[in-house]
Every structure is written in structure tokens, then in C-alpha cells.
Asks: 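Submitted below is the structure of interest, expressed as C-alpha cells.
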Amino acid sequence: FLKTKPFNKTPSAELVKLLSSSKVFLQTGLAEVHAVQTPENYDKITMLAKNTRWGADDPFYVIPQANSISIISGTENTAKILEQFSKEDVLKVEDDRALVTISYDPKAFFDSFGGLHFYTGQFAYLGIPILSIFSAYDRVSFLISQGDASGAFKKLNLSLNEIARLHAKK
């Protein structure tokens with residue numbers, strides 16, 4: 001079995017600042033498409049992204065990996081995405097996905113440790129599998145099954161709001 005060092009019982013001020021700055025957002029009605037990674041497939045999906053007018057609430061995430069490309073977008077875009085690939089190149093399509101995105105103060109994120117552990121621990125506590133994680137400068141997104149989305153959103157929102165409330169009292 002793996003042995004890990006237990007966390008300090010008192011979180012650092014930097015971690016509390018990070019968690020206090022965190023806000024949770026939920027996007028549902030998403031699909032996840034996995035396709036074989038080739039230069040041609042990557043070019044096609046990049047051109048689709050470039051030539052499509054995406055709305056502010058219409059996500060389109062392309063996650064290239066060594067052997068595959070993962071695309072996360074609204075279910076209404078699945079057919080358009082699948083048209084970019086040959087049937088043989090499509091590895092898997094799932095249309096019951098949601099994104100829980102947590103935005104945060106980037107300085108607090110870079111000055112602390114344990115934030116990602118806290119976020120993923122909330123999913124683990126609820127027994128919710130995280131299907132993919134990707135991040136940007138000031139946010140991290142967790143792809144989960146849509147059936148788990150409401151519970152995950154409520155739990156994270158409640159936890160982070162309570163931390164912010166307690167931190168504000170100090």
C-alpha cells in the first residue's frame with residue numbers, strides 16, 4: 001500500500017486565501033469525443049474551432065495528446081465534430097458530460113500548495129469519478145458525468161463558501 005505523509009491539521013494561510021478566492025461554475029449538456037491523433041485530424045478540428053462562432057456559454061475544448069485528441073463541447077456540436085473524422089478514427093463518444101470549473105486568484109494558486117488536492121478530494125469524498133482535468137491561468141475544470149454534476153457543484157460551492165465565510169471573520 002502507498003504511504004503518504006498526513007497533511008498538517010492547520011491549512012496554510014496561502015491555501016486558505018486560495019480556497020477563499022475560489023468560485024464554482026457548472027456547465028451541463030456537454031459531449032466528449034475522442035479521436036485518433038494525426039496531423040490531419042488535428043488540423044481539421046483546429047479549423048472547425050477557428051471557423052465556428054462559439055458563444056460565451058458554448059464551450060469548445062481541444063485536448064491533444066500523443067495518440068488521441070479529446071474534444072469537449074455542447075452536445076449540439078457533436079455531429080459537426082464527428083464530421084471532421086473518419087469513422088475509424090473516432091475512438092469514443094459520450095454525450096452525458098458536465099464541467100465543474102473553479103476559478104481562483106492565480107497569485108494565491110501559485111503561492112500555495114494543496115488546492116488541487118482539496119478540489120479533487122471533494123469529488124473523491126462524494127464518490128464522483130473525475131474523467132478529465134484541464135487548467136488555465138486562473139481556473140481548473142473537471143469533466144464529470146452529468147448525473148453527478150448537481151451534487152458536485154453543490155458540495156464544492158458549499159465548502160468553498162464556508163471557507164470564505166470563516167476566512168472573512170479573521
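Just so we're clear, the structure is a prediction, and the values are computed from it rather than from any experiment.
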Asks: Can you tell if the side chain of D105 reaches within under 4.5 Å of the side chain of L18, non-hydrogen atoms only?
Replies: no
Asks: Take atom OH of Y42 as the centre, draw a 6.0 Å sphere, and report whether it contains more than 12 heavy atoms from other residues, nucleotides or ligands.
Replies: no
Asks: Which atom pair, heavy atoms only, marks the closest approach of Q146 to R97?
Replies: OE1-O, 3.1 Å
Asks: Whether E162 and R165 form a salt bridge (side-chain N of Lys/Arg under 4.0 Å from carboxylate O of Asp/Glu) is what I want to check.
Replies: yes
Asks: Using a 4.5 Å cut-off on heavy atoms from C-beta on, say whether the side chain of D148 contacts that of P129.
Replies: yes
Asks: Going from OG1 on T38 to CG on D43, what distance comes out if it is rounded to the nearest 0.5 angstrom?
Replies: 8.0 Å
Asks: Quick check: do L48 and N77 have side-chain heavy atoms less than 4.5 Å from each other?
Replies: no
Asks: Given the rule in the side chain to side chain contact (heavy atoms under 4.5 Å, CB included) test, do I144 and V100 qualify, once you have shown the distances and angles that lead to the verdict?
Replies: CA-CA 8 Å; I144 61 175; V100 174; 3.8 Å; yes
Asks: Going from CD on Q122 to CG on L158, what distance comes out if it is rounded to the nearest 0.5 angstrom?
Replies: 9.0 Å
Asks: Side chains of Y61 and S141: is there a donor and an acceptor less than 3.5 Å apart?
Replies: no
Asks: Mind checking whether D138 and S103 have side chains closer than 4.5 Å, heavy atoms only?
Replies: no
Asks: Has the side chain of S68 got a donor or acceptor atom that lies under 3.5 Å from a matching backbone atom of Q37?
Replies: no
Asks: If you measure from CD1 on I71 to NZ on K80, what distance do you get to the nearest 0.5 Å?
Replies: 13.5 Å
Asks: Ring-plane angle category for F142 and Y119, please: parallel below 30°, perpendicular beyond 60°, tilted otherwise.
Replies: perpendicular
Asks: Got a donor-acceptor contact below 3.5 angstrom from the T78 side chain to the T75 backbone?
Replies: yes
Asks: Do V62 and V90 sit in the same hydrophobic cluster, where Ile, Leu, Val, Met, Phe, Trp and Tyr count as joined when their side-chain heavy atoms come under 4.5 Å apart?
Replies: yes
Asks: Under 4.5 Å between any side-chain heavy atoms of V140 and Y104, yes or no?
Replies: yes
Asks: Between F60 and I81, is the side chain to side chain contact (heavy atoms under 4.5 Å, CB included) condition met? List the steps.
Replies: CA-CA 10 Å; F60 190 82; I81 292 167; 3.9 Å; yes
Asks: Drop me the distance from E94's CD to L131's CG, to the nearest 0.5 angstrom.
Replies: 8.5 Å
Asks: Are L99 and F134 packed together at the side-chain level, in the sense that at least one heavy-atom pair is separated by less than 4.5 angstrom?
Replies: yes
Asks: Is I163 reachable from Y125 through a run of hydrophobic residues whose side-chain heavy atoms are each under 4.5 Å from the next?
Replies: yes
Asks: Examine F109 and V24 and state if one hydrophobic cluster contains both, with Ile, Leu, Val, Met, Phe, Trp and Tyr joined whenever side-chain heavy atoms are less than 4.5 Å apart.
Replies: yes
Asks: Spell out, as yes or no, whether a donor-acceptor pair under 3.5 Å connects the side chain of Q84 to the backbone of N41.
Replies: no
Asks: Is there a path of hydrophobic side-chain contacts, each under 4.5 Å between heavy atoms of I, L, V, M, F, W or Y residues, that connects I130 with I128?
Replies: yes
Asks: From I63 CD1 over to H34 NE2, what is the distance, rounded to the nearest 0.5 angstrom?
Replies: 8.5 Å
Asks: Are L116 and L143 connected in the hydrophobic side-chain network, where two residues link if heavy atoms are under 4.5 Å apart?
Replies: no
Asks: I need the minimum non-hydrogen distance between A149 and A98, along with the two atoms involved.
Replies: CB-CB, 3.6 Å
Asks: Do F85 and V36 come close enough that some side-chain heavy atom pair is under 4.5 Å?
Replies: no
Asks: With a 4.5 Å heavy-atom cut-off, do S159 and F118 have their side chains touching?
Replies: yes
Asks: Roughly how far, to the nearest 0.5 Å, is the CD1 atom of I72 from the CD atom of Q27?
Replies: 10.0 Å
Asks: Would you please test S112 and K17 for side chain to side chain contact (heavy atoms under 4.5 Å, CB included) and show each step?
Replies: CA-CA 9 Å; S112 66; K17 182 178 178 185; over 6 Å; no
Asks: Could you walk me through whether F153 and T28 satisfy the side chain to side chain contact (heavy atoms under 4.5 Å, CB included) test, starting with their C-alpha distance in whole Å, then the side-chain angles of each, then the deciding distance to 0.1 Å, before giving a yes or no?
Replies: CA-CA 11 Å; F153 176 79; T28 58; over 6 Å; no
